[in-house]
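We use all heavy atoms of the structure for the numbers below, so side chains are in, but hydrogens, waters and symmetry mates are not. Being a predicted model, the structure only gives us computed values, none of them experimental.
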Amino acid sequence: MSAQESSDLHLPSTDRSSERDQDIITGDRETILNTPNGDPGTKNTENVEFANGPSMSNEQRTQHRRLSEPGNPIRYRSLSDDRSKSSLSLSQKELRKSHSSSEKSQCSSYPDVRLSKSEDVRSINHAEKKLDRYGFIMNMDSNGHVYEDGRVDPAPTSAQTKSFARRERRWAGMMQSWDMTSRRRKLLSKQLRKGIPDTLRAKVWTLLGNVPRLQKESSETFDELVRKNLSSSAVKPDKIKGVLSMRSESLVNSPSFKVTQETIERDIHRTYPRHNMFHEDTLSDGEEDDDDDFLRCLHDDDVSSILAELDQPSESHEETIMGNVRDAKGGQAALRRVLRAYSVYDRDVGYCQGMNFIAGMLLTFMSEEEAFWLLVFVMNEKPCRMRGLFGEGMKETHQVLYIAEKLTYQFLPKLAKHMESQSIHITMYATQWLLTLYTSSFQFDLVTRLWDCFLAEGWKIVYRVMLALLQNSQSTLLTLSFEEILAHFRELPQNTNGNMIIEIALKIPLRRRHIVKYQKEYARQAN
């Protein structure tokens, strides 16, 4: 599937990067400050004031009067009385540094902060991050800012600790004799449905995904694929001596190559902005924004201008361009390399929106190379085979949604008829669930339990979880109208108990024959 087609999916983003790239931040509760020395409506991109709330404290008024003096270098900018124009301005570079991973762009809950020219917007984010068991930042507001949180998480009980230790010992023993374990399908399935211990999940997933075999059998290593993509992106083929293969030359000459790379870059900043691994809006003092240099290296127009200035581009220059990207640190850089490497590995698919969440989720548990090869497994091999969802025409996406709709009518007929009466089609709420296997919006207590089973059992657990989510909300959904149903689905991911949903899902009497029946039915209709 091409990158252009992927944009038609309209997956809801967890981050509004495109809006943040605008040069304006709008506050919902701004206090409009008029200064006697300012020119109303004058735009000042060097200074910024965040003043929320209906009024200022005495201390704030004093500081306001002091800062408004003509001799003070920090000056408030007067804003228009028109609320639609009541906006605060930041330069694009400052905006990217301070909000590159914020979940929302509207600044409705900023603290009262006033920054001088020598200060940086990043200085408001001094609070220590509190992470959950999966690495998500718990004390982050809706604007992506970390706040002080004095709450102490309850320690596991003695019974829980013993249970965790017992499960770890059991799984450690199973992993030592994995060849035998993998052949005992019923025993393995039983243990997977109970959940893999967090400490062993990465290793078990790589075993379930045959990662060691894929690494051994592949003619190209992960590093070679990364290098090929970066070489193709950074310089023209005729500028590299012995670096690009014929396959890479064909790749860079493809009209869809640049579009694919730009789509990847756009989606990277939308991937898990609340996860500590991908939350990159805090840079050390004096540190440059590597994203700017990276983008300059990747865009053809910029690269062409760089090459034009060089009479004889040296191999060392080319290696420097590629090295800056290849060696970049952080979760976003790792995700970029994994997605770009896959776009070279599978040129027919390249990249499609939604793959970023799957790859990002895998990266939170394992290394880049392991995440890449596990992505290869789930895309191409049984029992997962997700490749058809992202291929040209999205044929298998339509099939998956058809099966999901039929299963809803079979197992939840009353709810299915109510949804039909309210003109709610399954594509309105289940597309992102199924296309990303719940990784794009649901919390990881559900995601990890589902993937524990998915890697061994395939799509049956995916449909079961969908039915469990609907079944658990059925009594509420039956009382709601069109707009209320859509609102319910928007809020559902954050109000879901993952472990409870998995328990409900495993009790639903869905069998593989049901799925095969609707697959054949869809195939007949498609023909």
Side-chain angles (χ1 to χ4, degrees), residues 8-14 103 142 193 195 354 357 389 394 396-451 453-454 457-522 525:
D8 295 333
L9 300 181
H10 303 297
L11 293 181
S13 171
T14 56
E103 189 169 2
S142 60
R193 291 180 178 187
F357 289 106
L389 275 68
M394 297 178 61
E396 291 190 19
T397 299
H398 299 303
Q399 174 183 281
V400 165
L401 289 169
Y402 178 87
I403 295 171
E405 184 178 35
K406 291 298 182 179
L407 291 175
T408 304
Y409 273 96
Q410 177 177 342
F411 290 96
L412 301 169
K414 187 176 181 180
L415 177 61
K417 291 178 181 178
H418 174 70
M419 301 276 266
E420 183 180 4
S421 70
Q422 296 299 316
S423 301
I424 298 290
H425 192 263
I426 195 165
T427 56
M428 296 180 179
Y429 61 88
T431 301
Q432 62 159 334
W433 297 359
L434 303 175
L435 189 64
T436 68
L437 266 61
Y438 304 91
T439 58
S440 64
S441 52
F442 284 85
Q443 300 182 61
F444 272 28
D445 60 341
L446 174 63
V447 171
T448 53
R449 292 286 306 276
L450 179 141
W451 275 75
C453 300
F454 174 68
E457 299 181 16
W459 279 87
K460 185 166 65 172
I461 186 63
V462 179
Y463 294 123
R464 275 179 161 169
V465 167
M466 181 205 70
L467 293 172
L469 289 167
L470 295 176
Q471 179 179 311
N472 194 51
S473 299
Q474 181 171 224
S475 60
T476 300
L477 290 170
L478 289 173
T479 66
L480 302 180
S481 60
F482 176 84
E483 293 183 356
E484 294 169 331
I485 292 174
L486 294 182
H488 176 85
F489 283 128
R490 284 194 295 269
E491 299 171 358
L492 182 62
Q494 299 305 314
N495 297 326
T496 296
N497 182 319
N499 291 322
M500 181 185 69
I501 292 298
I502 291 295
E503 296 305 315
I504 296 173
L506 294 176
K507 295 177 182 178
I508 295 175
L510 173 63
R511 300 292 180 263
R512 199 171 304 278
R513 66 175 183 272
H514 299 140
I515 299 174
V516 172
K517 171 187 174 182
Y518 295 126
Q519 284 177 335
K520 294 179 178 179
E521 187 176 297
Y522 176 82
Q525 293 185 12

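- Side-chain contact between M466 and I426 is present, with at least one heavy-atom pair separated by less than 4.5 Å.
- Side-chain contact between F411 and P509: present, with at least one pair of heavy atoms (C-beta onward) separated by less than 4.5 Å.
- Shown here for S481 and E484, the closest heavy-atom pair between the two residues is N-OE1, 2.9 Å.
- Side chain of Y518 to main chain of A404: no donor-acceptor pair is present (N/O by atom type, distance under 3.5 Å, no hydrogens or angles).
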Chi angles and distances behind the side-chain hydrogen bond (donor to acceptor under 3.5 Å, both in side chains) call for H488, T476
CA-CA 9 Å; H488 176 85; T476 300; 5.6 Å; no
Assess whether side-chain contact (heavy atoms from CB on, under 4.5 Å) is satisfied between L469 and F442, documenting all intermediate values.
CA-CA 11 Å; L469 289 167; F442 284 85; 3.6 Å; yes
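- Here the closest heavy-atom approach between residue K460 and residue I515 is recorded as CA-CD1, 3.8 Å.
- Within a 6.0 Å sphere centred on CD of Q525, heavy atoms belonging to other residues, nucleotides or ligands number more than 12.
- Although no hydrogens or angles enter the test, the distance criterion places a donor-acceptor pair under 3.5 Å between the side chain of H418 and the main chain of L480.
- Side-chain contact between Q432 and F489 is absent, with no heavy atoms from C-beta onward closer than 4.5 Å.
- Contact record, L407 with L510: CD2-CD1, 3.7 Å, taken as the closest heavy-atom pair.
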side-chain contact (heavy atoms from CB on, under 4.5 Å) for I485 and M428? Distances and angles first, verdict last.
CA-CA 10 Å; I485 292 174; M428 296 180 179; over 6 Å; no
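- Ring pair F454/W459 is perpendicular by interplanar angle, where above 60° counts as perpendicular and below 30° as parallel.
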Please test T496 against Q443 for side-chain contact (heavy atoms from CB on, under 4.5 Å), starting from the C-alpha separation and ending with a verdict.
CA-CA 8 Å; T496 296; Q443 300 182 61; 5.9 Å; no
E420 and Y409: side-chain hydrogen bond (donor to acceptor under 3.5 Å, both in side chains), yes or no, with the steps?
CA-CA 10 Å; E420 183 180 4; Y409 273 96; 2.7 Å; yes
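- Minimum heavy-atom separation, A468 to I501: CB-O, 3.6 Å.
- Of all the heavy atoms in P493 and S441, the pair that sits closest is CB-O, 3.3 Å.
- By the 4.5 Å heavy-atom criterion applied to side chains, N499 and E503 are not counted as neighbours.
- W451 is listed as a side-chain neighbour of T439, based on a closest heavy-atom distance under 4.5 Å.
- Inter-residue side-chain proximity for W433 and V462 is flagged as unmet; no heavy-atom pair is nearer than 4.5 Å.
- Partner Y402 forms a side-chain contact (heavy atoms from CB on, under 4.5 Å) with one of K406, H398, Q399 and no other, that one being K406.
- Side chains of L486 and Y429 form no contact here, defined as non-hydrogen atoms less than 4.5 Å apart.
- At a threshold of 4.5 Å between non-hydrogen side-chain atoms, the residues L506 and I461 count as touching.
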